[in-house]
Structure formats: C-alpha cells, structure tokens
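Below: one structure, written as structure tokens.
All values below were derived from every heavy atom in this structure, side-chain atoms included, with hydrogens, water molecules and symmetry-related copies excluded.
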Amino acid sequence: RAKPRPPRARSPSAQRRIRCFHRAGGSGMLAFPSSMSPSELKDWIFGVSAASLLCVYPLVILIWILLDSRWASNQGGVSPGGNRARRRAGRRGCEKVADEDECKKPSLSTTPWDVLKKALAQLLPAWRMVSGGLFFFVCTVRLILYAALLVPWFLQIAWAYVTHPLLRRSIRYGPNSRNYLDVYLPEEALLNIQGKSDKKVPVVVVVMGGAWIIGHRAWNTHVGLRLSDAGILVVAVDYRNFPFATLPEMLSDVEHALDWVFANVAEYGGDKKNMVLLGQSAGAHLEALLLVERAMAEAKLADSQSQDAARAATGGTKELPAGAVGRDKEGAGNLLSARRAWSVRDFKAWVGVSGVYDLVALDAHLKAMGVASWLPKMCEGQTLNRFSPTRLLLEAPEWRPTSSPLAAAALARLPPVSLFHGEDDTSVPLSSINGLASALRARGLRAVSTDIRPGIAHATPVVEDPFRGGDIQTKLVVPFLGPEAEQRLAALPPPWPRPPRAVVNVAEYLMPF
C-alpha cells in the first residue's frame, strides 16, 4: 500500500495570506465566495469582463481619435460636428466662411506640369491617411494578439482583484465619475485596524498609466499585491480619462485623491509620515505636473502669509498673490489653506516610471511615427507647454531664479525624485526623462536620480517584468520606506503568476507600446 503523501510546504508569503484570509472569514484566496453582496458581485463581473474585453475599449477610442483627427485635417480644421457651410468652404479653399458666396472654383491648370503638381498634392494627403491607417491597424492587431496571448494570466490577476480579502475596492474620494480608489492592506495594517497593534505601516500611492485614455486603477493590482505582501499599504488611484475629461480635470482628480489619502490613510493603518508617490507613464506625468504646480503655489502662499503677518504687525491689509490657489471639485481655484491638509514635502520621495514629462516632444514623436496626436485636444484650449512639467521648469518666469524670488522656495519643497526609463521604449523617447532631470538639476534640485536600463520597453516594468519574476517597480519604491520593507521584499518568493518565459517574450515582441 502506498504511503500517504506528506503535506506540501508553503512559502512564508502564502502562509501569511492564508492566515490573514481566515481571519477575514474566508476559506481560500481564489475560492468562489459562498455568498456575494451586490457590490461584490458587481466587482467580480467587472474584473472578469475587463480582462476578457481588454482591447475593446482602447480600440473604440483610438478609432474615434483617428477618424476625428483625419476629418479635421482634411476639412480645414473642422471636426464632424461643424456646420455644412463651414465644411463646404474648407473643401473649396475659402479662408473665411463669410466669403463663401464670393468664393469661386479654381480655374483649370493650363500646363501639364500644373496638372501633375495638383495630382501629387491630392495624392499626398491620401498617402498620409493610408499610411497612418495602416500603422493604426497594425498596432491594433498587435495589441489584440498581445492581450489574447496573456489572457489566462490576466484572468488570474483579475480574479485576485475581486476576491482578495485584504483589498478594499471602489472607495469614493470625489463627486465625479471614476473618482474611486483601491486600498491594498498588508497583514500588519489589518492588525492595526482591529486594535491588536499600534504599529503603522508605510504607504505607497500609485497612479496608473494608459495614455490618458485607457487607464484604470485595476492595472495596479500586480504591484499592489506585491507591495502589500512586503508589509506596505498601497493606495491605487483612479481618475477620469479622455475624451470624458481634459488634463485640468484629470489633475484635479489626482489632487482630490491625495486629499483623501492624507485625511483617511491612518484609519487603514497607514503612516502618513512614511509615504512615497509612484506613477507610471501618464500617471507619472500627472504626478509630476501636480508636484511642480503645487510646490510653487505653496511657496506663494507661504510668502503671502509672511507678508500678511508683517502687515498685521503694522496695521496693513491682506492681499493674496496670483497663483497661490488649489483646485476645487470642478477644477476652479480656491485657497490652499482653506481645505488642503498636506504638502508636497510630506512625501518621502516621488518615483516616475516611463513617464511623459514633455507633451510638446511627445506630440512631435507621435506625428513622426504616423500617429494622429490627441494631445492638443486634452488641453482645454491651452498649449501643450502649459501641461509639460519640463517646459514649466525651464520656460515659466516664476521658476527662473534670476527673475522670481519664489523659485528656490518652491524647489526646496519638492521631495527626492527617482526617474526610471527603458532604452527600448518606443512610445516615450528617452528625451523625456533626460529633459526633466536636467530641468530639475538646472533649477538647483540635487536629489534627482535617473535609472535608464537596456532591454526595457514602455510596459515592461508593469506587465512583462513581473511575469518573468522581476520586481522593477517595487525595488524602485522600497528603498525610500526603510530597511524593514527592503528585508521583507527580499524574503518574498518571486511574483505570481508566472507564465512560460517563451510566452512572455512573444507577448513583449507583439506589444505595440
């Protein structure tokens, strides 16, 4: 008779997860719950649908952007919503709609050379449209194949997202749509919430990427679960995407989310004094822009308060300097001192991964690749320079030390900056990270580090690297949170799940971004 098989040994992280899950009243991490509340069932359906329909939403949005941009370029800058007279005037070459009745058809060319030039002029826009459409089609097919190849492992992550006992999903932080965040609790934080421990845990606030179009807080599930296993509380922030929101509205969403974090993270066992800000791609851009703007606004407000104190001592009146304001729920201005309870200097560090810091350079990069740029449409009538952190630091008069006495004070408020980029990133050029690092150093910030690694593409730190067992994002963040977090991370087993390496290599080759 065969001897009974001995029980399988479990890793320390698996044992902690099982113990924690039993404390929460569950029976297994991936077991289907015996009873679900309507909100839990809704989250479960969303997770499975999001993983299986990964490409539908970006496909629809990119088709809309491509068609709208091409129509506008061919119809004199008018979108499909323009009136018929304006579109007809654009086709006939009239410069003003009011002169449409006086606009006559151009006369026929009298020489064969003129006919040839006109034919070439007509073929050039057609060729650009065909080449751009072909590029878009190829990228779409590659994205679909990429998602289809990794769907089995994406589904496992989606299942963990909707069933993990220590994940608090869909916590509202603002009044607008998509104003939700998720909180990943480590075991130590749960003990603090239950009153069994007074220890607070480090906190990482992460804002996802997605080209400002297809981002969702669920994209942070992998790094959230990984950091929570290392004893770190993670807050994954969501924000409204384009075309349903513009950059000022996205920026307002992120700022309101940070308001919520500083006001409530202690109730979840988090330590407000040991917090790091992490962003990837578009999320890194929004974080960088928010830090730069808020640092200057805080410097202006501090200067105003010191002037008010001096005026009060001499019987003067109060005045508010221009720009010393924050944003309310609609993006309008309000005093920072009226409702903001945090400062940019409250973060131990800011970590930007594959970030976009110069929208002007990215716009030119996209056009050179044959992609119709949607960036100007997000700026709400303002220029790309206005929403480029690098150009604000280099070109804005208030950031020039020679002309603004507040530049040094604002710069001193910024936390240490750590920038990461891959040499094989074809979506965001290397000039993005080099430009921001150079601008910060030129303005006098010394705590700036850059990490440019060969063989790393745009999405590798988020998807392919964890699937290979790597920890790029977590290892970038953990050194700022203390030696205990580093020791916990080093003791963990490789990330889960682990697809075959050959599958990951093929998927990385197919990834268009």
Side-chain angles (χ1 to χ4, degrees), residues 61 64-65 68-69 72-73 76-79 81-82 174 176-178 207 209-213 215 239-258 279 281-300 320-336 344 352 355-367 371-400 403-404 406-407 410 428 431-432 435-436 439-440 443:
I61 295 298
W64 176 83
I65 294 172
D68 183 70
S69 301
S73 62
V78 182
S79 65
N176 299 307
S177 61
R178 301 287 298 273
V207 182
W212 306 275
I213 297 176
Y239 56 90
R240 290 171 288 175
N241 287 180
F242 180 78
F244 307 105
T246 59
L247 282 175
E249 293 169 327
M250 299 180 201
L251 203 63
S252 176
D253 287 349
V254 175
E255 190 172 25
H256 277 79
L258 294 180
S281 190
H285 163 259
L286 294 175
E287 291 175 347
L289 185 59
L290 178 61
L291 291 176
V292 169
E293 287 190 352
R294 191 177 176 93
M296 180 55 68
E298 290 177 1
K300 291 181 178 180
L320 181 68
V325 296
R327 278 168 289 275
D328 61 16
K329 65 180 182 180
E330 299 299 334
N334 67 293
L335 291 179
L336 284 169
V344 295
V356 181
Y357 312 117
D358 190 344
L359 296 185
V360 178
L362 180 63
D363 186 68
H365 177 69
L366 293 175
K367 291 178 179 178
V371 179
S373 176
W374 63 94
L375 300 180
K377 296 177 180 292
M378 300 192 304
C379 294
E380 206 173 51
Q382 303 182 60
T383 63
L384 294 175
N385 300 55
R386 165 64 183 81
F387 298 101
S388 300
T390 301
R391 295 184 180 262
L392 284 179
L393 291 169
L394 294 177
E395 300 174 2
E398 58 188 7
W399 278 100
R400 296 174 183 171
S403 60
S404 174
L406 297 176
V428 180
S431 60
S432 178
L436 180 62
L440 290 171
R443 290 295 175 251

- Under 3.5 Å: donor-acceptor pair, side chain of Arg294, backbone of Val344: no
- Note on the structure: d(His256 NE2, Leu251 CG) to nearest 0.5 Å is 11.0 Å
- Rounded distance [0.5 Å steps], CG in Leu286 versus CD in Glu255: 11.5 Å
- Query: What is the minimum heavy-atom distance between Tyr239 and Ala282, and which atoms define it?
  - Reply: OH-CB, 4.0 Å
- Task: Rounded to the nearest 0.5 Å, what's the gap from CG on Leu393 to CG on Leu440? Could you check?
- Result: 5.5 Å
- Closest non-hydrogen atom pair, Ser432 against Gly355: OG-O, 2.9 Å
- Message: For Leu384 versus Leu359, what's the shortest heavy-atom pair and its separation?
- Response: CD1-O, 3.9 Å
- Task: Taking Glu249 for its side chain and Thr246 for its backbone only, find out whether a donor-acceptor pair lies under 3.5 Å.
- Result: yes
- Message: Tell me whether Thr390 contacts the main-chain N or O of Tyr357 through its side chain, where contact means a donor paired with an acceptor under 3.5 Å.
- Response: yes
- Item | Which atom of Met250 lies closest to which atom of Phe242, heavy atoms considered | CE-N, 3.5 Å
- Task: Enter the distance from Trp212:CH2 to Met378:CE here, rounded to the nearest 0.5 Å.
- Result: 5.0 Å
- Note on the structure: Rounded to the nearest 0.5 Å, the CG atom of Leu247 sits from the CZ atom of Arg386 at a distance of 9.5 Å
- Item | Contact summary for Glu398 and Ala407, nearest pair of heavy atoms | O-CB, 3.7 Å
- Heavy-atom donor-acceptor pair, Asp253 side chain to Arg240 backbone, under 3.5 Å: yes
- Message: Quick check for you: to the nearest 0.5 Å, what is the distance between Leu375 atom CG and His365 atom NE2?
- Response: 11.0 Å
- Note on the structure: Of all heavy-atom pairs linking Leu290 and Val254, the shortest is CD2-CG1, 4.0 Å
- N/O donor-acceptor pair under 3.5 Å between His285 side chain and Phe387 backbone: yes
- Query: Is a side-chain donor or acceptor of Asn241 paired with a backbone partner of Gly215 at a separation under 3.5 angstrom?
  - Reply: yes
